[in-house]
Each structure stands twice: as C-alpha cells, then as structure tokens.
2 protein chains.
Amino acid sequence: MIHLAIIEDNISIRGVLTDYFSAEQGYEVVLSAGSFEKFHDEWRPADTRIDVVICDIGLPGKSGIDAVWYIKSKSEKTHILMLTVFEEREKIFQSLCAGASGYMLKSTPLAEIKTGINDILNGGAAMSPKIAMQVISYFNKRKQVSAVESENLTAREIEILSFLEQGLANKAIAEQMSLSVDTVKFHIKNIYLKLQVSSRAELIAKYKQF
Amino acid sequence: MIHLAIIEDNISIRGVLTDYFSAEQGYEVVLSAGSFEKFHDEWRPADTRIDVVICDIGLPGKSGIDAVWYIKSKSEKTHILMLTVFEEREKIFQSLCAGASGYMLKSTPLAEIKTGINDILNGGAAMSPKIAMQVISYFNKRKQVSAVESENLTAREIEILSFLEQGLANKAIAEQMSLSVDTVKFHIKNIYLKLQVSSRAELIAKYKQF
DNA sequence: TAGAATTCTACCCATTTGGGTAGGCTTATT
DNA sequence: AATAAGCCTACCCAAATGGGTAGAATTCTA
C-alpha cells in the first residue's frame with residue numbers, strides 16, 4: 001500500500017486528487033491539507049509513514065519549497081512530487097535543490113501523475129517534458145562556451161584557462177606546462193583582458209562550468 | 001512530416017528503429033548510419049532537413065557526444081535524443097552540455113520513444129525516469145551543503161564563503177559586510193583551514209555549487 | 001558564574017598576483 | 001619579403017593574498 005499525502009490549497013484540485021487516489025487500488029491518502037501549516041500540525045512523522053507527498057508550489061503562507069525542506073528533514077525517505085501551474089525556472093530549481101523527486105504541471109492527466117509516482121518509487125524521477133526542458137537547458141553549454149570562444153582565446157590561453165579553473169597557482173601551472181612563471185602570467189593577463197575580469201577568483205566564479 | 005535520422009552501431013537496434021518509424025504515419029527516416037563518421041559523410045545540412053536525430057552514445061570511433069556537438073553546430077534547430085544502455089552520470093551530463101534534448105534508455109519501448117520525440121518537438125525534453133533522477137540529484141543540495149557543514153563552518157564563515165564564491169576580493173567583502181579587511185582575512189584563513197585549501201581559487205574550484 | 005566558542009581588530013612578513021613594458025622567436029597570411 | 005598573430009621570456013612595481021600571532025568584546029553554554 002502506497003501512502004500518499006496531498007498539500008494543495010485549491011480545494012477542488014485537492015478534492016480531485018484525493019478522490020482519485022483514494023479510489024485507486026494500492027494507494028491510500030493518509031493526509032490531505034490546504035497549507036503547509038495545516039500539514040505541519042497534522043503530520044506526526046514518527047507515527048504516520050508517508051511514501052510520497054504531492055505538493056503544490058504556490059501555497060498560501062509558507063511555500064511548497066519550505067514544505068520540501070521540512071519534509072525531507074523529518075523523513076529522508078519520503079518523496080515529494082511538486083505540482084504547479086507555473087513553469088517558473090527559479091521555483092523549479094529551488095524545489096529540486098530542496099530535494100523534490102519530481103515536478104509536474106497541474107495540467108498533467110491524473111493517470112500520468114500516477115505513473116510519475118510509480119517512477120519515483122522505483123528510483124526514478126518524474127518530470128513533465130516542459131519542466132525537463134528547463135532543467136536540461138540549464139546544462140546546455142553551447143552558449144556559455146561560445147561566450148568564451150567569442151572572445152577569441154588562443155589555444156594556449158584556453159589551455160591555461162582550464163588549469164585556472166582547477167584552482168592551480170601560477171607556479172603549478174608553469175610546472176604542468178613546462179613554462180616559466182612569467183609566461184604563464186603573460187597569458188593570464190591576456191585572458192583577463194579578453195574575459196573582462198581582474199582576478200582568478202572572479203574568473204572562476206564567472207566562467208567555471210559546473 | 002517529421003524527418004528523423006538514426007545513428008546507432010548495433011545493426012539490429014538500428015533496424016528496429018528504422019523500420020518502426022518508417023512505418024509510422026508522419027515520420028520519415030531520412031538518414032540511418034552506423035557511426036558518426038558515416039553520418040558525417042552522408043548528411044548535407046543545407047540539403048537535408050533533420051528534425052530529430054536519435055543517437056547512440058557508445059559509438060565506435062567518434063562518440064555520440066561528439067556527434068551532438070557537430071550536429072548542433074551545423075543545425076541549431078535539429079534536436080537530438082540520446083539513446084543508451086548506460087546510465088552513466090558523466091555521459092549524461094556531457095550529452096546535455098553538448099545540447100541534447102533528451103536521454104532515454106535503450107530499454108524504453110518504441111511507443112515511448114515516439115512520445116519523447118513529440119515532446120521534444122513541442123518544446124519539451126524527453127528523459128527516462130532513471131535518467132531524470134540522475135539529473136535531479138545533481139541539484140539536490142541537501143548532501144552538498146552538509147559537505148560544507150560537516151566541516152563546522154560558523155555562520156559568519158558561511159556568509160563570507162558565499163562572497164568568496166562570487167569571486168569578490170577581500171576589500172569588497174569587507175565593504176559588503178561592514179568589517180575591516182583584517183577581519184575578513186581572519187575568517188578566510190579559518191575557512192581555508194577547515195576546507196583544506198590554501199587559496200581562493202582552489203576554494204572556488206572545489207566548493208562552488210553550480 | 002566560569003569557560004568555551006565566536007567575532008572583531010590589528011600587526012608583521014613572505015609570497016603571489018595583476019599590470020605594464022619590452023624583446024626575440026616561430027608560423028601563417030598577404 | 002613583409003606583416004601580423006601567436007608564443008615565450010624577462011624585469012619592475014604596487015597591490016593583494018596567505019599565514020602567524022595576539023588581544024579584546026560578545027554570546028552561548030555548562
């Protein structure tokens with residue numbers, strides 16, 4: 001039996017979800033609340049096991065993201081599937097950072113939400129395609145790299161840049177490349193000029209990938 | 001009509017994919033190759049529009065990741081769905097960085113691959129749940145934060161750490177926090193001690209999130 | 001209340017770094 | 001052949017940084 005909890009302020013959506021999963025075989029809605037505060041008051045982590053929480057992002061009072069932090073701190077094993085009407089980039093990343101296992105649009109059919117829950121319980125994650133795209137675009141380096149490439153770094157400079165990004169000192173870079181420290185400094189100066197920074201810390205903070 | 005290309009060295013898998021999509025209404029397989037090199041020779045970007053490339057990761061010769069870079073550089077609008085037997089974290093991220101729009105396991109049913117392609121063409125992304133989990137876990141800060149927290153950084157140190165990660169100089173940090181430069185230096189020394197580094201560049205390179 | 005931890009400030013010193021300038025070398029490009 | 005671009009080295013100087021030590025105020029905790 002899969003124990004579900006639902007946190008959703010819209011009473012009709014909460015009703016639909018609760019009714020649907022209550023009727024489904026193998027699922028049980030053990031808690032249904034209209035706000036994080038309500039959920040917080042009613043849930044006794046030690047007594048009530050919850051496998052998956054379906055949680056709205058835009059809750060009145062404390063947000064759904066706060067809810068994620070709280071739930072994961074109380075019960076590491078409990079998974080959280082965020083549900084929202086928004087496709088806001090920021091919210092998505094905040095939820096994921098907090099430890100959510102999935103993120104689906106409210107427009108998602110109930111059957112797909114059910115599939116998502118099962119995916120989560122099988123060690124996967126559930127994401128609506130549009131959400132997945134947002135997440136994927138986060139990794140896309142094509143622009144970032146071109147940002148560096150467009151500054152016309154020479155091969156040598158790119159090589160040194162990669163050492164800089166590893167946090168190496170000039171002396172270490174010089175040894176690695178069998179160059180004099182002065183030469184390394186020379187190239188670094190040019191890199192700074194092209195990338196418009198004035199210290200290695202600034203450079204790494206701005207341009208380091210990952 | 002959706003124009004597909006398939007790059008896959010396993011002849012039987014390539015056959016299955018080619019046959020399936022050739023038979024599907026609205027799809028046309030315009031190119032089917034067993035390696036990136038073959039694909040490279042046969043594709044004329046200017047003449048042949050490709051909407052989606054289904055591409056294996058573990059190709060003989062140049063890898064699927066190289067293929068992604070090449071395809072995206074020649075035709076920005078062409079989407080790429082990576083297909084693989086591996087769930088390797090590194091490969092996933094490399095593909096996404098290169099500009100892939102999706103990543104599915106080879107065990108995925110053909111119908112789901114087809115759904116994935118449609119998701120991609122509708123501005124979404126396609127990911128198998130297990131892959132999505134890998135990606136999501138990348139964002140999960142709960143552990144990463146503890147990696148820093150386990151070193152027992154004090155509140156003040158964490159505050160300064162966040163400025164360091166932005167690449168700020170001591171003087172700038174001092175101004176931001178209304179402290180003397182000496183105080184900032186004092187805290188930074190302690191941070192270095194706890195995190196076992198000896199320069200800001202090394203610190204940012206090692207501990208910067210994202 | 002006493003001790004511990006944290007925070008803030010200050011000073012010293014050696015090293016590293018950033019920025020400027022200058023000259024020689026090699027390898028395309030014209 | 002001449003010019004340009006990239007690469008390497010060297011030197012100078014001021015600023016920033018890293019590391020050590022030390023004293024005092026504050027807050028938390030036993």
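Chain letters run A, B, ... following the sequence lines, proteins first and then strands; every chain starts at 1.
Base engagement by B/T183 is indicated by at least one non-hydrogen atom pair under 4.0 Å involving a base atom. Within 4.0 Å (heavy atoms only), A/N170 reaches sugar-phosphate atoms of the nucleic acid but no base atom. Across all strands shown, A/F186 has heavy atoms under 4.0 Å from base atoms, whether or not it also approaches the sugar-phosphate.
Regarding A/I191, its CD1 atom lies at a distance of 14 Å from the C1' atom of C/dT17, rounded to whole Å. Separating the CD atom of B/E202 from the C1' atom of C/dT16 is a distance of 14 Å, rounded to the nearest angstrom. Spacing between atom CZ of A/R200 and atom P of D/dT17 amounts to 11 Å, rounded to whole angstrom units. Separating the CD1 atom of A/I188 from the P atom of C/dT17 is a distance of 8 Å, rounded to the nearest angstrom.
Here the nucleotide nearest the side chain of A/A169, chosen from D/dA10, C/dT17, C/dG18, is C/dT17. Distance from the side chain of B/D182 is smallest for C/dA10 among the nucleotides C/dT16, C/dA10, C/dG18.
Panel note: side chain A/D51, backbone A/H3; a donor-acceptor pair is recorded below 3.5 Å. A distance-only check finds no donor-acceptor pair linking the side chain of B/S95 to the backbone of B/A100 [under 3.5 Å]. With hydrogens and angles disregarded, no donor-acceptor distance shorter than 3.5 Å links the side chain of A/S128 to the backbone of A/I131.
The 5' end of DNA chain C is approached more closely, in terms of each residue's nearest nucleotide, by B/K189 than by the other of A/Y192 and B/K189.
Between A/K185 and C/dG18 there is no side-chain N or O to OP1 or OP2 distance below 4.0 Å. Contact annotation: B/S198 does not reach the phosphate of D/dG18 (side-chain N/O to OP1 or OP2, under 4.0 Å).
The number of heavy atoms from other shown groups lying within 6.0 Å of NZ (A/K106) is above 12.
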